[in-house]
Amino acid sequence: MKQRFLPAAAAGELAISFGVTEPDAGSDTTRITTTAKKVDGGYIVNGRKVWISRAGEADRLLLVCRTTPREEAEKPTDGITLLFAEVDREHIEIQPIPKIGRNAVASNSLFIDNLFVPDEDLVGEEGKGFRYLLAGLNPERILVGSECLGMGRAALARATAYAQDRHVFGRAIGQNQGIQFPLADSLVNLDAAELVIRKASWLYDSGEPCGREANSAKYLASNAGFEAADRAMQVHGGFGYAEEYHIGRIWREVRLLRITPLSNELILSYLAQHVLALPRSY
Ligand SMILES: Cc1cc2nc3c(=O)[nH]c(=O)nc-3n(C[C@H](O)[C@H](O)[C@H](O)COP(=O)(O)OP(=O)(O)OC[C@H]3O[C@@H](n4cnc5c(N)ncnc54)[C@H](O)[C@@H]3O)c2cc1C
């Protein structure tokens, strides 16, 4: 499968979308109800997905389905299967969700009706999909943390430049500690987030466990990035609200990443349970 798909995906010739989230399951992936029923030569899939980015352009969809109902599985995470399905528009209705940002790509509701997926498009073993999903989560969190860091740094650079240029009450607004301190505080928070991102990346590249660091990196960077963007908006005064200064764009984009791909609350739950060994809360 890697041979079949990854070179084309890396070359940008094969567009891929990732279908986990469902309207009624939320962050609890074990409660998905999209089912893949075994038939001769493959599976028949039925169900609904929501927020699936790029589905409209995708050739293939990494589809997370249940092959065994949750109540019949030994563990809630068992019985989940990954299919690398062709996006057959005869059997998948795709409806874009109007959204307040991230409009470079559409995110969509999917209505999947009797979609046939051949056996050759089953990823790994049936029923073990949840485990395979976990393997991709840490690098995704490091990547998302890095996006937030970049947006935070961009916002801070714009805020700093504006604070030098903008004169009010006869002097640059950046001469006021009320302007300087939040910006310097954001610098510290972004630098701290960057160090954790680098540590997480190094561990991941070295093949070491990095759940703690990858989750912390995403958490710290998404908070520091949004805080920097919000402060940049304040420093720009009314112009922070004008499209021309791009602060609003950064503000909207970085805000998303406190919610996706995993919300910051669920990241704290992970750290509480897996690092602090507190009881599972969800
Ligand atoms: C623009 C965009 C693009 C997306 N792209 C994709 C995609 O390509 N593929 C895909 O599969 N999904 C995608 N998603 C979905 C995204 O991953 C989910 O929205 C996200 O994981 C949160 O899940 P939810 O929306 O179901 O929130 P819910 O699970 O309904 O949670 C709602 C709120 O309650 C909080 N909460 C829930 N349980 C607990 C708890 N136990 N303790 C404390 N707080 C809790 C959550 O943190 C959150 O703040 C996208 C979403 C957006 C907005």
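Nothing fancy with the numbering, it's 1 onward along the sequence. Note that these values count all heavy atoms, side chains included, but never hydrogens, waters or copies made by symmetry. Indexing begins at 1, ligand by ligand and atom by atom, following the structure's order.
Looking from atom 47 (O) of ligand 1 to the surrounding protein, the closest heavy atom is Ser263 OG, 2.5 Å. For atom 42 (N) of ligand 1, the closest heavy atom belonging to the protein is Ser269 OG, 4.6 Å. In terms of protein heavy-atom proximity, atom 15 (C) of ligand 1 is closest to Thr21 OG1, 3.2 Å. At the shortest separation from atom 49 (O) of ligand 1 among protein heavy atoms lies Glu265 OE1, 3.5 Å. Given atom 38 (N) of ligand 1, the protein heavy atom at minimum distance is Leu266 CD2, 3.9 Å. The protein atom (non-hydrogen) at minimum distance from atom 4 (C) of ligand 1 is Trp51 O, 3.2 Å. Remark: minimum distance from atom 17 (O) of ligand 1 to any protein heavy atom is reached at Pro261 O, 3.2 Å. Among protein heavy atoms, the minimum distance from atom 31 (O) of ligand 1 is reached at Ser27 OG, 4.1 Å.
Numbered from 1 in the order shown, with element, the atoms of ligand 1 that lie under 4.0 Å from a heavy atom of Phe18 read 7 (C), 8 (O), 9 (N), 10 (C), 11 (O). Here is the list of ligand 1 atoms found below 4.0 Å of a heavy atom in Tyr282: 41 (N). Taking every non-hydrogen atom of Gly26 and a distance limit under 4.0 Å, the qualifying atoms of ligand 1 come out as 26 (O), 29 (O). Atoms of ligand 1 found under 4.0 Å from any heavy atom of Thr260 (numbered from 1 in listed order, with element): 16 (C), 50 (C), 51 (C), 52 (C), 53 (C). Every atom of ligand 1 with a heavy atom of Ser53 under 4.0 Å away is listed here by number and element: 3 (C), 4 (C), 5 (N), 6 (C), 7 (C), 8 (O).
A salt bridge does not link Glu22 to Arg48: none of the charged side-chain nitrogens sits closer than 4.0 Å to a carboxylate oxygen. Salt bridge annotation for Asp78-Arg131: present, with a cationic side-chain nitrogen under 4.0 angstrom from a carboxylate oxygen.
Around atom NZ of Lys38, more than 12 heavy atoms belonging to other residues, nucleotides or ligands sit under 6.0 Å away.
In this structure, atom 29 (O) of ligand 1 has protein heavy atoms in its sub-4.0 angstrom surroundings. Distances from atom 33 (C) of ligand 1 to the protein include no heavy-atom value under 4.0 Å. For atom 13 (C) of ligand 1, the protein comes within 4.0 Å by at least one heavy atom.
Judged purely by atom type and a 3.5 angstrom limit, Lys218 uses its side chain to pair as donor or acceptor with the backbone of Leu257. In this structure, the side chain of Arg60 engages the main chain of Phe84 through a donor-acceptor pair within 3.5 Å.
Heavy-atom minimum distance, Val50 versus Pro23: CG1-N, 3.7 Å.
Residue Asp28 does not touch ligand 1, judged by heavy-atom distances below 4.0 Å.
Taking the six-membered ring where the residue is Trp, Phe239 and Tyr245 present tilted rings, their angle falling between 30° and 60°.
Looking at Lys37 and Asn46, their side chains never come closer than 4.5 Å, going by heavy atoms from C-beta outward. Residues Val254 and Glu147 have side chains not in contact (no heavy-atom distance under 4.5 Å, counting atoms from C-beta outward). At least one side-chain heavy atom of Lys99 sits under 4.5 Å from a side-chain heavy atom of Ser107.
Checked against salt bridge (Lys or Arg N to Asp or Glu O under 4.0 Å), Asp88 has no partners two or more places apart in sequence or in another chain. Judged as a side chain to side chain contact (heavy atoms under 4.5 Å, CB included), and not counting sequence neighbours, the contacts of Arg70 are Asp28, Thr30, Arg31, Arg66, Pro76.
With distances taken over non-hydrogen atoms, the option nearest atom 11 (O) of ligand 1 out of Leu262, Asn264, Val20, Leu257 is Val20.
Of the polar atoms of Ile259, none of the N or O atoms is found under 3.5 Å from an N or O of ligand 1, judged by distance alone.
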